[in-house]
Amino acid sequence: MDTTAMYKISYGLFILTAREGSKDNGCIVNTVTQVTVSPCRITVAVDKKNLTHDMIMRTGAFNVSILSEQSKFATYRHWGMQSGANVDKTQAIAFERADNGIIYLTEECNAVLCAKVVSTVDLGTHTLFLADVTDAAVLSEQPSVTYAYYQKHIKVAPQSQKKGFICTVCGYIHESETLPDDFICPWCKHPASDFKPL
């Protein structure tokens, strides 16, 4: 295990993947934190509405691909749109499988962590998974993408002539005169309160 991979965790964006049987699920999260060094443990909070959440609850294992500054908006759109749906490996995104059999991104990421859940905490809308890191690898020396970097350099700017609302988390644009109070972003599953007018 390359423990220097832990240095790649920053306040950034991560692709969380899980596997059950022949099915792979994945989604983007921004809540990965290292909590102890020995044993090496991390936490991740996952929305209960996300199908990846259910898979982790059943299997107790997941991978975290740490996105780097070289990542493209199409990657965020792909994983945001999946939002826990079955991942289509036929699309032009480079995957590999870790020793635990779970896919991880090999391009646009600077490290991968494999984790096994040791306990869970119910946070209402989310579950906090506490997990032991069972494997870690550095994939590149690119800096991790922070949320600020994503907002400034990666996310596609909305077209000013469009009427609607944009998700401040993932960049999804909902073209409409109004936004229902109970609206949920189809990409990242965040609520209407995370949207702003175009």
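Heads up: numbering here begins at 1 and tracks the sequence.
The structure places SG of Cys27 at 8.5 Å from CG of Asp47, a figure rounded to the nearest 0.5 Å. Here Phe165 contributes atom CZ and Leu198 contributes atom CG; the two are 8.0 Å apart, rounded to the nearest 0.5 Å. To the nearest 0.5 Å, the span separating NZ on Lys189 from NZ on Lys49 amounts to 9.0 Å. Taken from CD1 in Ile66 to CE in Met6, the straight-line distance is 7.0 Å, to the nearest 0.5 Å. Here the CG atom belonging to Asp2 is positioned 10.0 Å from the CG atom belonging to Leu139, to the nearest 0.5 angstrom. Ile103 CD1 to Phe95 CZ: the interatomic distance, rounded to the nearest 0.5 Å, is 4.0 Å.
Listed by chain and residue number, Arg41, Thr43, Leu130 satisfy the side chain to side chain contact (heavy atoms under 4.5 Å, CB included) test with Val35 (two or more places apart in sequence, or in another chain). Residues passing the side chain to side chain contact (heavy atoms under 4.5 Å, CB included) test with Asp194, sequence neighbours excluded: Thr168, Val169, His190, Pro191.
The closest side-chain heavy-atom distance from Glu20 to Asp54 is not below 4.5 Å. Residues Phe62 and Val46 form no side-chain contact, since every pair of their non-hydrogen atoms from C-beta on lies 4.5 Å or further apart. No side-chain heavy atom of Tyr7 sits under 4.5 Å from any side-chain heavy atom of Val138. Ile9 places a side-chain heavy atom less than 4.5 Å from the side chain of Leu113.
One side chain, Asn100 or Asn63, offers a donor N or O that lies under 3.5 Å from an acceptor on the other.
A salt bridge links Arg97 to Asp24: one of the charged nitrogens lies within less than 4.0 Å of a carboxylate oxygen.
Using bins of under 30°, 30° to 60° and over 60° for the plane-to-plane angle, the ring pair Phe129/His53 lands in the tilted bin. Ring planes of Phe73 and Tyr76: parallel class, angle under 30° (limits at 30 and 60°).
Annotation: Phe195 is not in aromatic contact with His174 [ring centroid separation under 6.0 Å not met].
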